[in-house]
Amino acid sequence: MEHDKQKPTILYVYDIMCGWCYGFSPVMMKLYEEYSDTIDFETVSGGMVTGDRIGPLSNMSSYIKDAYKTVEDKMGVKFGDKYINGTLENGDVIQTSIPGSKLMTAFKSFDTKKSVPFAHELQNAIYYHGVHPDSTEDLLANVNTFGVDKGKLLTITKSDKVVPVMKHDFELSRRLGVTGFPTVFLFKDDEIHFLTRGATKYERIKERLKSLT
């Protein structure tokens with residue numbers, strides 16, 4: 001990962017399937033809207049639900065039915081009715097990070113600067129609009145791509161060349177020592193700092209950012 005040594009970079013390590021990232025997403029959007037003129041923002045997909053973790057929602061649905069309420073209580077977000085009464089009730093829905101991570105990788109090949117808003121769009125598609133995470137086409141149909149042509153984006157997403165770049169993101173997450181999502185870093189003057197490990201409120205992360213800039 002390259003970044004301008006003269007300009008700080010906030011690195012948002014998230015996963016499209018992470019419910020806590022969905023809860024934290026409005027915080028990241030607020031940071032992005034307030035600081036994107038003076039700080040670069042980059043998003044890394046963490047690869048939370050890959051390999052043998054991919055499987056039907058029924059494997060986790062009883063846990064998620066309690067966990068999403070905790071996210072709502074702590075972060076002040078709402079999971080959509082189509083997710084709660086649709087996706088969660090359909091135990092056959094396949095949980096996987098791969099299609100969403102490919103879409104993020106493809107999107108960044110067109111526009112790295114709007115990766116935070118695009119991550120927000122992807123998570124809203126799943127956790128608010130109830131889009132199934134294993135359908136690239138359905139995800140793409142339910143997101144704002146901020147001027148990136150959806151046809152071109154789909155072509156890149158389905159190409160073989162997107163896979164190694166996506167896997168590089170997964171590996172970067174591991175090399176940075178990320179053990180849970182979301183995790184946010186600040187790169188400044190060749191030094192790396194944690195802004196948060198886990199979802200937190202805007203005021204807390206802003207206070208931490210101010211102490212480092």
Side-chain angles (χ1 to χ4, degrees), residues 1 3-4 6-46 48 67-84 97 100-101 103-105 107-108 110-131 133 139 142-148 169 172-173 176 178 180-189 191-213:
M1 184 190 65
H3 53 91
D4 188 341
Q6 303 305 312
K7 194 173 184 181
T9 298
I10 286 178
L11 186 67
Y12 174 40
V13 186
Y14 98 119
D15 190 86
I16 188 172
M17 296 307 303
C18 169
W20 279 108
C21 295
Y22 172 72
F24 181 68
S25 188
V27 174
M28 276 306 301
M29 283 298 296
K30 195 169 181 180
L31 279 174
Y32 175 83
E33 289 161 1
E34 182 166 352
Y35 290 101
S36 59
D37 287 342
T38 55
I39 298 176
D40 287 334
F41 284 74
E42 297 181 22
T43 304
V44 169
S45 298
M48 186 176 83
Y68 88 82
K69 296 172 186 175
T70 305
V71 176
E72 287 187 335
D73 289 344
K74 180 175 179 181
M75 300 307 298
V77 300
K78 288 294 180 185
F79 288 72
D81 288 340
K82 290 182 179 178
Y83 176 76
I84 295 168
S97 298
S101 297
L103 272 169
M104 174 58 79
T105 300
F107 181 82
K108 289 194 294 183
F110 291 99
D111 189 345
T112 57
K113 292 190 175 182
K114 290 191 174 69
S115 62
V116 168
F118 190 62
H120 183 70
E121 287 286 315
L122 288 171
Q123 292 213 290
N124 276 350
I126 291 175
Y127 287 115
Y128 192 82
H129 298 294
V131 176
L139 284 170
N142 284 273
V143 296
N144 180 354
T145 55
F146 305 100
V148 176
D169 265 18
L172 176 59
S173 172
L176 287 169
V178 174
F181 309 103
T183 297
V184 185
F185 299 93
L186 175 70
F187 288 89
K188 182 176 181 288
D189 300 329
E191 294 185 352
I192 182 170
H193 310 271
F194 278 105
L195 288 181
T196 186
R197 300 179 184 179
T200 190
K201 294 294 182 70
Y202 174 76
E203 291 76 18
R204 186 171 179 181
I205 197 170
K206 182 176 179 178
E207 183 179 343
R208 171 71 174 153
L209 180 59
K210 280 186 171 182
S211 73
L212 293 168
T213 56

Q: Could you tell me whether Asp169 and Lys108 make a salt bridge, using a distance below 4.0 angstrom between a side-chain N and a carboxylate O?
A: yes

Q: Check whether more than 12 heavy atoms from other residues, nucleotides or ligands sit under 6.0 Å from atom CZ of Arg208, and answer yes or no.
A: yes

Q.
If the condition is side-chain contact (heavy atoms from CB on, under 4.5 Å), which residues does Thr70 pass it with, not counting sequence neighbours?
A. Trp20

Q) When you measure from the centre of the six-membered ring of Phe194, is the NZ or CZ of Arg197 under 6.0 Å away and within 45° of the axis? A) yes

Q | Spatial distance of atom CG (Leu122) from atom OG (Ser45) [nearest 0.5 Å] | A | 8.5 Å

Q | Test ring-ring contact (aromatic ring centres under 6.0 Å, His included) applied to Phe118 - qualifying residues, sequence neighbours left out | A | Phe107

Q) Donor-acceptor pair, Gln123 side chain versus Cys18 backbone, under 3.5 Å? A) yes

Q) Can you name the residues that form a side-chain contact (heavy atoms from CB on, under 4.5 Å) with Thr105, not counting sequence neighbours? A) Val162, Val165, Met166

Q: Evaluate side-chain contact (heavy atoms from CB on, under 4.5 Å) for Leu11 paired with Leu176, printing each intermediate quantity in order.
A: CA-CA 11 Å; Leu11 186 67; Leu176 287 169; 3.5 Å; yes

Q. Applying salt bridge (Lys or Arg N to Asp or Glu O under 4.0 Å), which residue pairs with at least one partner in residues 26-36 are found, sequence neighbours left out?
A. Glu34-Lys206

Can you give the donor-acceptor pairs under 3.5 Å from side chains of residues 77-84 to other protein atoms, not counting sequence neighbours?
none

Q: Please list, chain by chain and in numerical order, all residues satisfying side-chain contact (heavy atoms from CB on, under 4.5 Å) with Thr213, sequence neighbours excluded.
A: Leu186, Lys188, Leu209

